[in-house]
Amino acid sequence: MARILSVCPIVVPCLFTTSRHCRRIVRVSVTARNPSISFESMALKPPLHPTYDLKGIINLALAEDAGGQGDVTSMATIPVDMEVEANFLAKEDGIIAGIALAEMVFHEVDPSLKVEWSQKDGDCVHKGLQFGKVYGRAHNIVVAERVALNFMQRMSGIATLTKEMADAAYPACILETRKTAPGLRLVDKWAVLIGGGRNHRMGLFDMVLIKDNHISIAGGITNAVKSVDLYLEQKNLKMEVEVETRTLEEVHEVLHYAAQTKTSLTRIMLDNMVVPLPNGDVDVSMLKEAVNLINGKFETEASGNVTLETIHKIGQTGVTYISSGALTHSVKALDISLKIDTELALLVGRRTNRA
């Protein structure tokens with residue numbers, strides 16, 4: 001386990017700013033001798049999911065690598081009792097994420113492996129920084145290496161992009177979507193939290209999101225919202241409800257329904273109301289008009305045409321949230337390695353401009 005000697009407050013703001021909507025404080029206490037890893041010991045816990053088996057995902061990743069035979073290269077080249085120390089090396093600048101998950105991987109392979117970190121999830125790292133180390137049986141370190149790095153690199157890439165988007169979106173909060181890698185839903189959404197974003201719904205079960213296909217099948221937006229209200233009342237369910245709107249007419253229709261009827265609706269999505277212009281800029285006037293029409297009666301969420309170049313302008317319209325599938329479906333992994341001969345690794349890295 002990582003050796004953190006004191007209990008300290010860690011500020012983990014959603015937007016890495018003083019946003020009144022998103023700022024949170026998490027207290028962390030990690031004991032170096034604890035042989036297992038508990039969510040209580042993490043700087044930022046993973047989001048909740050009723051059926052997700054994180055340990056099972058780790059074991060699946062290890063099993064697909066081992067293929068029932070194990071690491072034949074390591075068995076052939078590494079003496080069974082040899083112990084080594086390997087160092088984690090950042091090969092580019094970014095936000096580190098997946099430290100807690102990497103520890104879980106090493107612990108699953110060999111609980112006797114010792115892992116230490118100079119950084120924590122959510123910290124900035126720069127190219128060439130050695131930010132952690134693992135020591136123990138060489139064979140087991142090499143077996144765990146690629147699985148741990150795969151998780152860390154993907155999560156760090158998501159966290160890095162999230163940080164950039166979150167900073168640019170302020171005062172709006174950035175959300176991801178369900179466009180995550182199959183089997184990695186919780187891992188991807190955890191990385192968004194580490195990067196300073198907020199989670200949208202975890203799946204189909206924890207929030208009602210009335211989208212265009214639901215509206216078409218229901219025979220219109222009013223029918224769709226009314227059906228949800230009736231269903232939740234009949235089932236005695238209380239959860240957030242969001243409806244997607246694509247035109248100002250649909251926004252008017254939703255507001256008219258809500259003014260006439262008690263509704264469970266909590267958020268209105270304003271989809272593709274950001275219009276791309278030939279010069280590469282975007283026109284947000286339609287989005288701004290929709291936000292003004294809603295006038296704080298419901299939370300608002302902008303989606304569509306959200307990029308690093310457009311998100312700041314979108315965030316200035318007054319929307320509560322901005323959602324972006326690109327945070328998880330178009331992730332560029334952060335380059336991280338685990339090296340035993342760190343001196344040689346740095347030499348090669350400098351030669352290739354990667355350290």
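Note: hydrogens, waters and symmetry copies are ignored here, and every other heavy atom, side chains too, is used.
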Heavy atoms of other groups near H256 NE2, more than 12 under 6.0 Å: no
Common cluster, V291/I174, ILVMFWY with side-chain heavy-atom separation under 4.5 Å: yes
Any donor-acceptor N/O pair, D206 side chain to G203 backbone, under 3.5 Å: yes
Which atom pairs, one a donor and one an acceptor, fall under 3.5 Å between side chains of residues 219-230 and the rest of the protein, sequence neighbours left out?
{"unit_1": "T222", "atom_1": "OG1", "unit_2": "E253", "atom_2": "OE2", "d": "2.7"}
{"unit_1": "N223", "atom_1": "ND2", "unit_2": "A218", "atom_2": "O", "d": "3.4"}
{"unit_1": "N223", "atom_1": "ND2", "unit_2": "G219", "atom_2": "O", "d": "3.4"}
{"unit_1": "S227", "atom_1": "OG", "unit_2": "N223", "atom_2": "O", "d": "2.8"}
{"unit_1": "D229", "atom_1": "OD1", "unit_2": "T263", "atom_2": "OG1", "d": "3.3"}
{"unit_1": "D229", "atom_1": "OD1", "unit_2": "S264", "atom_2": "N", "d": "2.9"}
{"unit_1": "D229", "atom_1": "OD1", "unit_2": "S264", "atom_2": "OG", "d": "2.5"}
{"unit_1": "D229", "atom_1": "OD2", "unit_2": "Y257", "atom_2": "OH", "d": "2.7"}
{"unit_1": "D229", "atom_1": "OD2", "unit_2": "T263", "atom_2": "OG1", "d": "3.0"}

For Y52 against L184, the heavy-atom pair lying closest together: OH-CA, 3.6 Å
D188 and R154 ion-paired at < 4.0 Å: yes
side-chain contact (heavy atoms from CB on, under 4.5 Å) partner of V125, chosen from I96, D93, L89: I96
Test item: Q153 side-chain N/O and I336 main-chain N/O as donor-acceptor pair under 3.5 Å: yes
Residue list, side-chain hydrogen bond (donor to acceptor under 3.5 Å, both in side chains) with E176, at least two apart or on another chain: K189, N199
Close side-chain approach of V284 to Q316, heavy-atom, < 4.5 Å: no
Positive for side-chain contact (heavy atoms from CB on, under 4.5 Å) with S285, one of V282, L287, D283: D283
Plane angle bin for F88 and W117 - parallel if under 30°, tilted between 30 and 60°, otherwise perpendicular: tilted
Worked check of side-chain contact (heavy atoms from CB on, under 4.5 Å) between Q234 and L237: CA-CA 8 Å; Q234 289 175 341; L237 293 174; over 6 Å; no
Main-chain N/O of E301 paired to T320 side chain as donor or acceptor, under 3.5 Å: no
Heavy atoms of other groups near N236 CG, more than 12 under 6.0 Å: no
Steps toward side-chain contact (heavy atoms from CB on, under 4.5 Å) verdict (V80, H139): CA-CA 7 Å; V80 65; H139 178 99; over 6 Å; no
D110 backbone acceptor or donor facing N140 side chain under 3.5 Å: no
Residue that, paired with T300, satisfies side-chain contact (heavy atoms from CB on, under 4.5 Å) out of V251, L293, I294: I294
Beyond-backbone contact of E92 with L334, side-chain heavy atoms, under 4.5 angstrom: yes
Under-4.0 Å salt bridge between K262 and E233: no
Candidates T160, T162, L161, I158 - the one meeting side-chain contact (heavy atoms from CB on, under 4.5 Å) with I95: T160
Heavy atoms of other groups near L48 CG, more than 12 under 6.0 Å: no
